[in-house]
> 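Got a structure for you, questions after.
All residue numbers in this chain count up from 1 along the given sequence.
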Amino acid sequence: MLTLGPGSVCDICLEAFGSGFKAASAIVCGHAFCSECIDQLRSAPPTTNHPDPNYKPCPLCRHTFDTRTYIRLHVDHDNNTRPTVPAVTGPTVSEEDVYTVQSLLERMINIANEGSSEEESRKYIAEAKTFLQGQKDSKRFIELRTCYRMLVYTTKVRATNRQLQAQKADLEVSLSRVREEKAEVERKARDERDLALSIEKSLQDHAKLTQDGYEAMIM
């Protein structure tokens, strides 16, 4: 369970964290509020264009987050200083890891809200992959792992879409070429048909003249 130092307060109501409705909870951007304030945010009128009304902007940084998803924190009343954030089980998480996770999550949230180039997305994917591969406990940093998988998926979809768009463009070029060739074949066919009809008429006229001349000779 993540840990807060004694005297920590909710950044919305400014009341000290406790238990029950006042239990400390962290959202995806890293800011901490009491459960009661998060519930109030969930029931508040929509303030973003997100299709899911459960998504609201963080009151501090304005990053959109799912009000149904947060991490329960523990307030350490036995320590006068804010401790290093520990994992649920196993060895403690270093402060450097905490900052790395928050930085990666923030950048991934920015990608979700504002978009990015495929090159930039792949850069963040590589950074997150390197960090997560160095974690022995696969249950740590679930939010980052989820965002990582979603970013990998969306980047693959974008790459596939780009390939399909390129294939579509090639097919359109080929189709245009086929149409031009078809038009040329049809033009030549019309010309040959017209020529054949002209020759046929010429032969008919010649035959008639010959017939008329023969009949004039024998009369």
> Let me see the working for Glu106 and Gln102 under side-chain hydrogen bond (donor to acceptor under 3.5 Å, both in side chains), right down to the final yes or no.
CA-CA 6 Å; Glu106 182 176 354; Gln102 290 179 344; over 6 Å; no
> Could you tell me which residues satisfy ring pair (Phe, Tyr, Trp, His ring centres under 6.0 Å) with Phe65, sequence neighbours excluded, listed by chain and number?
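For Phe65, no residue satisfies ring pair (Phe, Tyr, Trp, His ring centres under 6.0 Å) once neighbours in sequence are set aside.
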> So, applying side-chain contact (heavy atoms from CB on, under 4.5 Å) with His63, which one of Asn110, Leu105, Ile27, Val28 is it?
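Of the listed residues Asn110, Leu105, Ile27, Val28, the side-chain contact (heavy atoms from CB on, under 4.5 Å) partner of His63 is Asn110.
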> Please check if the number of heavy atoms outside Glu184 that lie under 6.0 Å from its CD is greater than 12.
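For Glu184, atom CD is crowded (more than 12 foreign heavy atoms under 6.0 Å).
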> Salt bridge between Asp39 and Arg42, side-chain N to carboxylate O under 4.0 Å?
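Result for this pair is yes, salt bridge flagged.
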> Measuring from Leu104:CG to Ile109:CD1, what's the distance to the nearest 0.5 Å?
11.0 Å
> Test your reading of the model: is there a side-chain donor-acceptor pair from Ser174 to the backbone of Asp170, 3.5 Å cut-off?
yes
> So which heavy atom on Ile38 is nearest to which on Ser25, and how close?
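Looks like CD1-CB, 3.8 Å.
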> Using every non-hydrogen atom in the two residues, find where Ser121 and Arg158 come nearest and quote the distance to one decimal.
OG-NH1, 3.6 Å
> To the nearest 0.5 Å, what is the distance between CD1 (Ile111) and OG (Ser117)?
8.5 Å
> Is any side-chain heavy atom of Leu132 less than 4.5 Å from a side-chain heavy atom of Arg145?
yes
> Could you state the interatomic distance from CG (Asp66) to CG (Asp52), rounded to the nearest 0.5 Å?
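Spacing of CG (Asp66) from CG (Asp52) equals 6.5 Å.
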> Is the shortest side-chain heavy-atom distance between His31 and Cys61 below 4.5 Å?
yes
> Side chains of Phe33 and Leu60, heavy atoms from C-beta outward: is any pair under 4.5 Å?
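Side chain of Phe33 against side chain of Leu60, heavy atoms only: contact under 4.5 Å found.
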> Do Pro59 and Leu41 make a side-chain contact, defined as non-hydrogen atoms from C-beta onward lying under 4.5 Å apart?
yes
> One thing to verify: whether Glu118 and Arg122 come together as a salt bridge, which I'm taking to mean a side-chain N less than 4.0 angstrom from a carboxylate O.
yes
> Less than 4.0 Å between a side-chain N and a carboxylate O, is that true for Asp191 and Arg187?
yes
> Is Pro57 close to Arg62 at the side-chain level, that is, under 4.5 Å between some pair of heavy atoms?
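A side-chain contact exists here, since the closest heavy-atom pair is under 4.5 Å.
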> Please round to the nearest 0.5 Å and tell me the distance separating atom CG of Leu203 and atom OG1 of Thr210.
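Taking CG in Leu203 and OG1 in Thr210, the distance rounds to 10.5 Å.
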> Side chains of Cys34 and Phe17: does their closest heavy-atom pair fall under 4.5 Å?
yes
> Does any donor atom in the side chain of Gln167 or Gln163 lie under 3.5 Å from an acceptor atom in the other side chain?
no
> Applying the side-chain contact (heavy atoms from CB on, under 4.5 Å) test to Phe131, which of Gln135, Glu127, Gln133, Lys129 qualifies?
Gln135
> Could you go step by step and tell me if Asp212 and Lys208 meet the salt bridge (charged side-chain N to carboxylate O under 4.0 Å, His left out) rule?
CA-CA 6 Å; Asp212 291 345; Lys208 187 175 183 306; 3.2 Å; yes
> Does any non-hydrogen side-chain atom of Val152 lie less than 4.5 Å from one of Arg149?
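The answer is no; the side chains never approach within 4.5 Å.
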> Answer whether the closest heavy-atom distance between the side chains of Ser116 and Arg107 falls below 4.5 Å.
no
